Amino acid sequence: RIMSRVIAIANQKGGVSKTTTTVNLGIGLARKGKKVLVIDADPQSSLTESLGFHQTDQLEVTLSSIMEKIMEDREVGKTEGILHHAEGIDLLPCNIELSGMEVSIINAMSRETIMKRYIDQMRESYDYILIDCMPSLGMLTINAFAASDSVLIPVQAAYLPVRGLEQLIMTISRVKKHINPTIHFEGILISMVDSRTVYAREIIELVKENYGESLRIFDTMIPFSVRAAETSAAGISIYQLYPEHKVAKAYEDLTGEVIASAHCGRKGGDGNE
Ligand code: ADP
Ligand code: MG
């Protein structure tokens with residue numbers, strides 16, 4: 001294991017495929033032989049449910065209970081609370097209790113780095129740690145950025161995302177300046193592309209116009225398909241449910257791009273050079 005990579009999947013807009021991307025990139029990486037942990041950092045617990053764990057209120061160890069322990073300077077075991085998915089990835093789940101965390105960490109010491117203290121100790125066990133962020137730029141998302149090497153930003157092709165992106169990029173820049181100097185942009189993932197419209201092209205142009213060469217946009221775009229939406233109810237990946245489908249192919253290609261960006265010194269992914 002050369003070095004683990006921690007990637008936050010973030011966009012403060014909901015419904016842009018953060019969770020679907022966390023599942024299918026995570027399992028995509030596992031299919032390439034990588035050891036992968038995915039962390040559910042959205043109190044809605046869609047990631048936990050998408051991986052087939054539905055009784056979330058009965059989970060005793062979750063991201064919030066672990067963050068509480070960290071705040072109290074108690075030891076957290078490396079396998080504590082970790083669930084295993086049949087397709088070869090590990091999950092640190094959450095439930096609605098995580099929603100109280102935004103408030104309860106306000107008075108904690110070094111409140112921005114609570115999640116980082118947990119994730120840093122998990123790095124030696126994994127090649128990739130993916131954090132499925134909630135749709136806001138609050139304390140939990142800041143904690144995810146503080147803990148991450150890079151941020152992957154899914155944007156929905158049917159919506160002009162530039163205004164929201166500015167705020168997101170600003171937040172990441174501030175985290176870089178004050179808390180995590182090595183964080184960089186993994187890239188923008190254009191998702192839910194409806195081939196019958198020209199939105200995707202327009203959005204790429206718009207993003208390029210506004211952020212120039214500095215922000216990488218993945219070559220791979222994820223097509224819109226109801227098949228992708230079916231996977232979360234089934235608790236399995238698109239590779240398992242519809243292996244021949246174009247969305248499965250797209251997520252496999254994205255996985256290849258993410259792996260390749262590590263090998264070329266992450267140049268393509270660094271928006272801050
Ligand atoms: P987020 O985590 O950003 O809120 P989700 O991954 O939950 O987004 O996706 C939002 C909704 O869109 C979900 O119902 C999901 O199943 C569906 N979805 C995700 N990816 C696609 C896609 N490529 N095509 C069609 N629907 C999708
Ligand atoms: Mg989500």
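Order of listing sets the numbers, starting from 1, for every ligand and every atom in it. Small disclaimer: the values here were computed from a predicted structure and weren't measured.
Residues Asp132 and Thr19 have side chains that bring a donor and an acceptor to within less than 3.5 angstrom of each other. A donor atom on one side chain and an acceptor atom on the other are found under 3.5 Å apart for Glu186 and Ser261.
Looking only at protein heavy atoms, the nearest one to atom 18 (N) of ligand 1 is Met192 CE, 3.5 Å. Taking atom 14 (O) of ligand 1 as the reference point, the nearest protein heavy-atom neighbour is Ala229 CB, 4.6 Å. The closest protein non-hydrogen atom to atom 8 (O) of ligand 1 is Ser17 N, 3.0 Å. Given atom 15 (C) of ligand 1, the protein heavy atom at minimum distance is Thr20 OG1, 3.9 Å. Protein heavy atom closest to atom 26 (N) of ligand 1, with residue, atom name and distance, is Ser225 O, 3.7 Å.
Minimum heavy-atom separation, Met109 to Arg117: O-NH2, 3.3 Å. Of all heavy-atom pairs between Thr220 and Leu254, the closest is OG1-N, 3.6 Å. When every heavy atom of Val36 is checked against every heavy atom of Gly26, the shortest pair comes out as CG2-O, 3.7 Å. Met71 and Ala108 get closest at one heavy-atom pair: SD-CB, 3.6 Å. The two residues Ile105 and Arg111 make their nearest non-hydrogen contact at O-CB, 3.1 Å. Summarising the geometry of Arg227 relative to His245, their closest heavy-atom pair is CG-NE2, 3.5 Å, with the distance given to 0.1 Å.
The protein reaches atom 10 (C) of ligand 1 closely, with a heavy atom under 4.0 angstrom from it.
Of the residues Lys176, Arg123, Arg5, the one that meets the salt bridge (charged side-chain N to carboxylate O under 4.0 Å, His left out) test with Asp149 is Arg123. When the options Ile106, Asn143, Leu140, Leu63 are evaluated for a side-chain contact (heavy atoms from CB on, under 4.5 Å) with Met101, the one that passes is Leu140.
Both the backbone and the side chain of Thr19 come within contact range of ligand 1, each with a heavy atom under 4.0 Å.
Inclusion of Lys13 in the set of residues having an N or O under 3.5 Å from an N or O of ligand 1 is not warranted. At under 3.5 Å, not a single nitrogen or oxygen of Asp132, backbone or side chain, sits near a nitrogen or oxygen of ligand 1. Taking any N or O of Pro223, backbone or side chain, at least one lies under 3.5 Å from an N or O belonging to ligand 1. Inclusion of Ile222 in the set of residues having an N or O under 3.5 Å from an N or O of ligand 1 is not warranted.
Close approach of ligand 1 to Ala228 (heavy-atom distance below 4.0 Å) involves ligand atoms 21 (C), 22 (C), 23 (N), 24 (N). Listed by number with element, the atoms of ligand 1 under 4.0 Å from a non-hydrogen atom of Val16 are 1 (P), 3 (O), 8 (O).
Judged by the shortest distance from any of its heavy atoms, Ser191 lies outside the 4.0 Å radius around the atoms of ligand 1. Distances shorter than 4.0 angstrom occur between a heavy atom of Gly15 and an atom of ligand 1.
When atom types are taken as modelled, the side chain of Glu257 and the backbone of Asp219 share a donor-acceptor pair closer than 3.5 angstrom.
Note on residues 242-252: pairs passing salt bridge (charged side-chain N to carboxylate O under 4.0 Å, His left out), not counting sequence neighbours, are Lys32-Glu252, Lys249-Asp253.
Contact annotation: the side chain of Asn180 never approaches that of Phe145 to less than 4.5 Å [non-hydrogen atoms, C-beta and beyond].
Protein N/O/S atoms found under 2.8 Å from the Mg ion (ligand 2): Thr19 OG1.
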